[in-house]
Novice: 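Just dropping this structure here.
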Amino acid sequence: MGTYMSKKITKILAIMSLILILTACGSEEEKSTESLVATTKSGENDTKETDTTIEKVTEEETTLQVGIANSIGIYIYNDAQGIRQLVKEHYSKWVQGQDIVCYEVLASKDEQVVGTYFKDMWESLWNECFDSKDYKIGYFLEIELEDGEKISKMIRTPNDIDGFTDYVEAYMYDDYHQTRGVWYTHLSEPDMNEDTMCTSIKLTAGSKISQIKQMWLTAYVYTSDKDFDNLTGLYVGNNSYKILIGKED
């Protein structure tokens, strides 16, 4: 009897031990599963962060760089030499009320363009790149102030510069639709029509010119509002050229 009871107790203890072992195994499996879920969630977050970083880098890489020409370039005319020089950076003294310079837009990537009569020279270059009269020229002026603030203006018509002239005045010219030897002035809003070509832009120092650290001027070619972002109004086309404008000490 004692032997029988001893065996029975031993058997019961063995069963209980087995149950405890199985329970412990189940707990480990649950912990492993929880750990796997946590790892998966962490992995998802890492992936999102990585994707965001990639998008940011990509966006920075596609930002328009200074002096990279595609179909157009910004030039300064050297009257003494009869050439137009492609500009990447332009430095000059800024004096309130005085012109900084007049920048011309040509359908060229050459470092220099020779030609004294603007209309003939401009037209031959333009027609090689753009076969439609629907193409127009616009400008984007960005200003960095001495305190670090940045302001900008999209300029497609003369009135677009309103509210900006305390810093710098901008005057656009249609140098193409002119009669040889006849004096002409900058465009005003009533001058604008479907044939107008804003082939050049002159910048003049405003009353707050001393507050400007540096500027960037972008010229671009567009055909309609589809070339501009619906929300920001910024140019999203693929024909543009950007230069840095700095002041001499």
Side-chain angles (χ1 to χ4, degrees), residues 58-77 84-92 94 99-111 113 122 125-126 129-130 134-145 148-165 167-176 186-187 192 196-206 209 212-247:
T58 303
E59 184 178 352
E60 289 176 353
E61 288 176 349
T62 56
T63 301
L64 184 63
Q65 301 298 308
V66 169
I68 305 299
N70 39 43
S71 296
I72 62 172
I74 295 176
Y75 291 77
I76 293 178
Y77 180 55
R84 287 170 169 83
Q85 183 70 45
L86 182 68
V87 181
K88 296 181 180 179
E89 298 179 354
H90 178 233
Y91 291 86
S92 63
W94 297 348
D99 295 339
I100 296 174
V101 80
C102 187
Y103 300 101
E104 300 177 347
V105 179
L106 308 179
S108 174
K109 296 182 279 188
D110 295 338
E111 289 292 325
V113 175
W122 186 89
L125 292 171
W126 188 261
C129 294
F130 307 103
D134 294 334
Y135 290 98
K136 301 298 179 184
I137 299 173
Y139 301 90
F140 182 53
L141 183 61
E142 303 167 86
I143 292 178
E144 181 181 1
L145 301 179
E149 182 184 357
K150 292 184 177 180
I151 53 179
S152 60
K153 270 283 187 179
M154 189 68 71
I155 307 170
R156 295 165 63 181
T157 71
N159 284 352
D160 289 337
I161 197 63
D162 289 351
F164 215 57
T165 53
Y167 294 103
V168 64
E169 300 170 12
Y171 301 97
M172 294 188 294
Y173 294 81
D174 183 347
D175 307 285
Y176 176 64
H186 60 82
L187 294 166
M192 302 298 293
T196 303
M197 296 297 295
C198 301
T199 56
S200 63
I201 184 169
K202 181 177 70 176
L203 301 183
T204 301
I209 192 67
I212 299 178
K213 181 179 180 180
Q214 57 188 347
M215 299 183 284
W216 294 268
L217 177 67
T218 301
Y220 55 84
V221 177
Y222 68 98
T223 57
S224 67
D225 289 339
K226 293 181 180 179
D227 291 310
F228 302 89
D229 185 273
N230 290 331
L231 297 178
T232 65
L234 296 177
Y235 179 70
V236 293
N238 57 6
N239 281 305
S240 58
Y241 185 80
K242 182 177 183 178
I243 64 170
L244 169 67
I245 305 172
K247 60 181 174 182

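Positions are given from 1 along the sequence. Heavy atoms only: backbone and side chains are in, while hydrogens, waters and symmetry mates are out.
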Novice: Run Met172 and Tyr139 through side-chain contact (heavy atoms from CB on, under 4.5 Å) and show every step you take.
Specialist: CA-CA 10 Å; Met172 294 188 294; Tyr139 301 90; 3.7 Å; yes
Novice: Is there a donor-acceptor contact under 3.5 Å from the side chain of Tyr77 to the main chain of Gln85?
Specialist: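 Pair absent, no side-chain N/O of Tyr77 close to backbone of Gln85.
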Novice: Please check: side-chain N/O of Lys153 versus main-chain N/O of Asp160, any donor-acceptor pairing under 3.5 Å?
Specialist: yes
Novice: What residues, two or more places apart in sequence or in another chain, satisfy salt bridge (charged side-chain N to carboxylate O under 4.0 Å, His left out) together with Asp110?
Specialist: none
Novice: Tell me, do Lys88 and Ile243 make a side-chain contact under 4.5 Å, heavy atoms counted?
Specialist: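 The answer is no; the side chains never approach within 4.5 Å.
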Novice: Can you list everything that forms a side-chain hydrogen bond (donor to acceptor under 3.5 Å, both in side chains) with Asp175? Sequence neighbours excluded, please.
Specialist: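 Partners of Asp175 by the side-chain hydrogen bond (donor to acceptor under 3.5 Å, both in side chains) criterion, ordered by chain and then number, come out as Tyr184, Thr199, Ser200.
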Novice: When rounded to the nearest 0.5 angstrom, what distance separates NZ in Lys109 from SG in Cys129?
Specialist: 7.5 Å
Novice: So, using side-chain hydrogen bond (donor to acceptor under 3.5 Å, both in side chains) as the criterion, who are the partners of Tyr222 when residues are at least two apart?
Specialist: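 Per chain and number, Tyr222 pairs via side-chain hydrogen bond (donor to acceptor under 3.5 Å, both in side chains) with no residue.
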Novice: Out of curiosity, Ile143 CD1 to Ile212 CD1, how far, rounded to the nearest 0.5 Å?
Specialist: 4.0 Å
Novice: Asp162: which residues meet the salt bridge (charged side-chain N to carboxylate O under 4.0 Å, His left out) condition with it, sequence neighbours left out?
Specialist: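 With sequence neighbours excluded, Asp162 shows a salt bridge (charged side-chain N to carboxylate O under 4.0 Å, His left out) to no residue whatsoever.
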Novice: Taking side-chain contact (heavy atoms from CB on, under 4.5 Å) as the test, write out the residues that go with Ala205, two or more places apart.
Specialist: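 Ala205 satisfies side-chain contact (heavy atoms from CB on, under 4.5 Å) with Ile209 only.
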Novice: Partners of Thr223 by side-chain contact (heavy atoms from CB on, under 4.5 Å), sequence neighbours excluded?
Specialist: Tyr135, Asp227
Novice: Any side-chain heavy atom of His90 sitting closer than 4.5 Å to one from Leu244?
Specialist: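 When only atoms from C-beta onward are counted, Leu244 and His90 do not touch, as no gap falls below 4.5 Å.
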Novice: Suppose we screen for salt bridge (charged side-chain N to carboxylate O under 4.0 Å, His left out). Which residues come up paired with Glu169, at least two apart in sequence or across chains?
Specialist: none
Novice: Can you name the residues that form a side-chain contact (heavy atoms from CB on, under 4.5 Å) with Thr232, not counting sequence neighbours?
Specialist: Asp229, Leu234
Novice: Can you find a pair of side-chain heavy atoms, one from Asp99 and one from Lys202, that are under 4.5 Å apart?
Specialist: yes
Novice: Which residues satisfy the side-chain contact (heavy atoms from CB on, under 4.5 Å) test with Glu142, sequence neighbours excluded?
Specialist: Phe140, Ser152, Trp216, Thr218, Lys242
Novice: Quick one: list whatever passes side-chain hydrogen bond (donor to acceptor under 3.5 Å, both in side chains) with Gln214, sequence neighbours left out.
Specialist: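 Once residues adjacent in sequence are excluded, the partners of Gln214 under the side-chain hydrogen bond (donor to acceptor under 3.5 Å, both in side chains) criterion are Glu144.
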Novice: Can you tell me how far apart CE (Met215) and CD1 (Ile151) are? Round to the nearest 0.5 Å.
Specialist: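 Going from CE on Met215 over to CD1 on Ile151, the span is 10.5 Å.
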Novice: Find out whether Leu141 and Val168 are in side-chain contact, i.e. whether some heavy atom of one side chain is under 4.5 Å from a heavy atom of the other.
Specialist: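 Yes, side chains in contact.
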Novice: Excluding sequence neighbours, so at least two apart, what forms salt bridge (charged side-chain N to carboxylate O under 4.0 Å, His left out) with Lys247?
Specialist: Glu146
Novice: Listed by chain and number, what are the side-chain hydrogen bond (donor to acceptor under 3.5 Å, both in side chains) partners of Tyr220, not counting sequence neighbours?
Specialist: none
Novice: As an exercise, state the distance from OH of Tyr167 to CG of Leu203, rounded to the nearest 0.5 Å.
Specialist: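 So the OH of Tyr167 and the CG of Leu203 are separated by 16.0 Å.
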Novice: Is there a side-chain contact (heavy atoms from CB on, under 4.5 Å) between Met192 and Leu187? Walk through the geometry before answering.
Specialist: CA-CA 7 Å; Met192 302 298 293; Leu187 294 166; 4.1 Å; yes
